[in-house]
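Below: the structure, in structure tokens.
Just so we're clear, the structure is a prediction, and the values are computed from it rather than from any experiment. We use all heavy atoms of the structure for the numbers below, so side chains are in, but hydrogens, waters and symmetry mates are not.
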Amino acid sequence: MNSPTSVPAARPPSCSAQAKMPRTATTSGQEEAVRPARHDERLPLARPMTQPQLPVTANRPGQDLSCWSCHLLTLVLCYLTPPDLIRAGCVCRRWHAVASDYQLQARCFLNNYPCTHWRKIKPALDAKLARQACALWDKTAPSHSLPGGAGQPLAWLHLAPATIFYTVTRRMLDAERLSFNEGNLSICCPERGHLRACCGDCVYSPDGTQLAIPQDMDGGSTRALGLWHQDGSGLRQMALFPLDCFSVSWKLAFSTDSRRLSVVAEQGYLQTWQRQPDNSWQPAVRERLCASTVQAAKFSPDTRTLAIQAGSQVLVIDTSTLGPHQEHCSFQWSPHPGQDACRPDVMQFTADSHHFLFVNIPTAVVFDRCGNDWQAQDICHPHSHYGCVAASLAPTGDWLALVSNGSVLRFHLPASHYSLELWQRSPAQRWHFSRRMDCAGTGYAPPVAFSPDGRHLAFADEIEAYKSVCVSLLTRNRSGHWELAVKLRLGPGVQEPGVFTSIRTLSFSAHSAVLLARSHAGIKLWQRWHGGWRTAAWIASPDNNGERSSCALSPDGYHCAVAAGGQQEVRILGPGPAGRYLTKMQVTLDKPVQQMLFAPDGLRLLVSCFDKYRSRRRLSLLHLAPQPGEQAAATGSVADLLPRVCKLSVTEPVDSSSAPENRSPSP
């Protein structure tokens with residue numbers, strides 16, 4: 001697993017003209033790309049056409065990288081991963097000086113994340129909230145851990161968002177303990193009908209300064225939407241808007257500039273509020289989307305597209321052209337006899353908002369954007385009579401995974417045999433069947449999930465030799481085909497697949513280096529390690545009550561908040577010495593935890609607790625801060641060039657208890 005770099009001031013070897021890197025480190029095309037411009041360069045004089053023209057010669061950098069200037073080295077080293085950048089700093093003094101540049105380290109660190117994820121968290125890192133939170137850490141943090149160096153504890157507050165993200169993540173990783181203080185947000189809401197104040201219904205603005213929360217007013221007789229503003233002094237309520245109804249999940253969405261908030265009501269209305277220059281919020285527009293009752297709604301990542309299910313019809317609407325004659329793409333399906341139009345099982349947009357997957361068992365439809373229009377395609381293999389029970393769309397929008405079984409009923413009995421179908425999108429925006437493989441699956445709807453980079457596919461399965469529950473991981477090879485890479489066992493004591501040992505959800509971290517599985521038996525984390533996968537943590541659920549477990553991955557992709565089995569205990573896990581996961585924070589609340597949500601900057605954790613005796617929910621906001629610890633002494637070796645929290649040296653031995661899982665042969 002890639003981790004942030006920290007190049008110490010160890011004395012590197014002297015630069016030698018004989019020290020050369022492999023020829024694969026640079027190509028002629030790269031040499032031309034980084035060729036410096038010369039002001040005194042002149043073209044040769046014209047010659048008669050009968051004489052052959054000699055090529056123009058210029059001073060090129062050459063293949064001896066040890067003689068390159070610092071500027072040219074930066075253009076090449078910026079494409080390395082953090083571990084490779086550290087190794088490059090051991091070549092010579094010049095390379096060490098280049099690799100020690102804090103801006104270059106931050107740029108290499110961001111190479112671990114997809115561009116779509118960086119665009120998502122960038123507004124929050126540019127806000128004053130993140131700068132104020134990090135400024136408080138400088139009072140206790142070692143001076144050499146700051147980008148400004150000793151004597152400049154606050155110099156990095158004026159750096160770019162990329163450097164802020166790198167610094168914040170390094171602080172969180174370097175700390176073996178995280179402290180917290182409970183903010184001034186403590187909202188109690190009744191559990192009545194569809195009115196639920198859980199983290200899945202709460203939405204942060206992209207810049208992390210606004211928080212929209214479903215609330216009630218007038219003693220619980222009126223449903224409302226509360227808007228809270230976060231600043232240096234804490235949270236304060238900005239507005240409380242009464243609502244006619246509020247029922248569908250994922251109905252709240254902020255615009256990408258955090259200046260517009262939209263809510264979808266079950267009567268088919270879209271209500272929008274606009275942020276004014278004085279930071280107040282005023283109603284902007286109310287449009288009728290459909291005449292039927294809305295069962296579910298989903299906004300695209302760019303909030304320009306809205307998908308809603310109304311009865312047995314799904315509509316994809318462009319919110320930028322709302323009006324009496326708005327255009328939309330719709331798909332109508334016929335439910336099976338005796339089956340009503342229920343809430344959908346999957347509503348998923350791709351990262352670029354150009355593709356949308358809708359699943360209402362057993363119907364699966366994919367909507368693709370073609371210019372300004374959308375087209376829908378019903379996914380059904382002509383030679384298959386299976387009903388879709390789970391599906392996932394790759395973030396890149398080019399692959400689709402469907403899990404099916406022999407039943408066409410929505411609430412079917414748990415099966416021991418499922419089929420995983422892979423569909424690929426052609427350049428003509430049409431989906432065609434690619435391949436099919438058998439999988440055991442667990443429970444009623446075995447989960448399936450793509451990694452954010454689109455290179456891995458995880459699904460619930462079993463190891464036939466041991467008859468134990470596992471997660472099978474497919475990886476795309478260089479030729480673009482999917483092959484079975486590894487089978488990861490779920491946990492100790494989890495054997496025969498069944499209802500009470502089933503895997504509920506699968507999710508990857510932002511950089512695809514951490515895989516999380518939530519099951520009835522517990523929560524399991526794996527991390528990518530030296531090209532393989534190894535167990536990071538296992539949190540068992542008491543009495544197989546994993547259905548009430550909650551977990552949330554932080555935006556940095558390294559830390560995870562866990563509350564197992566509906567307990568009152570919240571733990572934050574993260575990599576510690578030698579990359580092994582440890583509990584960095586543990587807090588016991590007054591009520592069982594149901595859901596958790598990280599803020600966009602990863603420095604706050606929203607926790608929803610449930611009081612089953614009073615049928616009430618309470619929201620609490622925890623502010624996280626790293627506690628500084630002792631820093632490891634640098635010896636100058638390759639192993640010690642990495643921070644104490646990662647130890648990704650290729651020479652470091654790995655014991656059998658934490659070794660990567662055995663790879664399974666390709667199918």
Any donor-acceptor pair under 3.5 Å linking the side chain of [X] with the backbone of [Y]?
X: K584; Y: R571; result: no
X: Q348; Y: L393; result: yes
X: Q105; Y: A99; result: yes
X: Q568; Y: L589; result: yes
X: K591; Y: C609; result: no

Please report the shortest heavy-atom distance between [X] and [Y], naming the atom on each side.
X: W533; Y: A513; value: CZ3-O, 3.8 Å
X: P123; Y: P206; value: CB-O, 3.7 Å
X: Y113; Y: D556; value: OH-O, 2.5 Å
X: R528; Y: H456; value: NH1-NE2, 3.7 Å
X: F109; Y: P82; value: CA-CG, 3.9 Å
X: K524; Y: L490; value: NZ-O, 2.8 Å

Residue pair [X] / [Y], side-chain heavy-atom distance below 4.5 Å:
X: L525; Y: W538; answer: no
X: V562; Y: I539; answer: yes
X: R518; Y: P447; answer: no
X: V570; Y: M596; answer: yes
X: C560; Y: V514; answer: no
X: Y204; Y: F254; answer: no
X: L606; Y: C202; answer: yes
X: L225; Y: L261; answer: yes

Suppose we screen for side chain to side chain donor-acceptor pair (under 3.5 Å). Which residues come up paired with [X], at least two apart in sequence or across chains?
X: Q210; answer: H229
X: H117; answer: none
X: T256; answer: none
X: S353; answer: D302

Distance (rounded to the nearest 0.5 Å) between [X] [atom1] and [Y] [atom2]:
X: Q527; Y: Y558; atom1: CD; atom2: OH; value: 10.5 Å
X: L80; Y: C108; atom1: CG; atom2: SG; value: 6.0 Å
X: L621; Y: L235; atom1: CG; atom2: CG; value: 5.5 Å
X: Q230; Y: L603; atom1: CD; atom2: CG; value: 10.0 Å
X: Q237; Y: L227; atom1: CD; atom2: CG; value: 8.5 Å
X: S550; Y: Q595; atom1: OG; atom2: CD; value: 6.0 Å

* To do: Begin from the C-alpha positions of R604 and L622 and carry the test side chain to side chain contact (heavy atoms under 4.5 Å, CB included) through to its verdict.
  => CA-CA 6 Å; R604 290 158 292 161; L622 304 180; over 6 Å; no
* Set of residues satisfying ring pair (Phe, Tyr, Trp, His ring centres under 6.0 Å) with respect to F459, sequence neighbours excluded ->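 Here no residue qualifies.
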* Working for side chain to side chain contact (heavy atoms under 4.5 Å, CB included), residues L582 and R177 -> CA-CA 9 Å; L582 49 84; R177 293 292 182 269; 4.1 Å; yes
* Partners passing salt bridge (charged side-chain N to carboxylate O under 4.0 Å, His left out) against D84 (at least two apart in sequence or in another chain) ->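 Only R87 meet the salt bridge (charged side-chain N to carboxylate O under 4.0 Å, His left out) criterion with D84.
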* Asked: Checking side chain to side chain contact (heavy atoms under 4.5 Å, CB included) against I523, which of T505, L516, L573 comes through?
  ->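 Exactly one option meets the side chain to side chain contact (heavy atoms under 4.5 Å, CB included) with I523, and it is L516.
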* Quickly, which of T475, V448, L506, L473 forms a side chain to side chain contact (heavy atoms under 4.5 Å, CB included) with L457? Name it, please. =>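 Looking at T475, V448, L506, L473, the match for L457 under the side chain to side chain contact (heavy atoms under 4.5 Å, CB included) is V448.
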* Asked: What's the verdict on ring-ring contact (aromatic ring centres under 6.0 Å, His included) for F508 and F450, showing C-alpha distance, side-chain angles and the deciding distance?
  -> CA-CA 8 Å; F508 284 89; F450 283 94; 9.1 Å; no
* is_close_aromatic(F598, H559), centroid dist under 6.0 Å ->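 Between H559 and F598, which both carry aromatic rings, the centre distance is not below 6.0 Å.
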* Mind running side chain to side chain contact (heavy atoms under 4.5 Å, CB included) on F349 and F299 for me, showing each step along the way? => CA-CA 8 Å; F349 277 94; F299 284 92; over 6 Å; no
* Taking atom types as modelled, find out whether T535 and Y581 have a side-chain donor-acceptor pair closer than 3.5 angstrom. =>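 Short answer, no.
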* Just checking, is any N or O donor in the side chain of T303 or S255 under 3.5 Å from an acceptor N or O on the other one? ->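 No - no donor-acceptor pair under 3.5 Å links their side chains.
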* **Full working for side chain to side chain contact (heavy atoms under 4.5 Å, CB included) between L553 and S507** => CA-CA 9 Å; L553 288 166; S507 54; 4.1 Å; yes
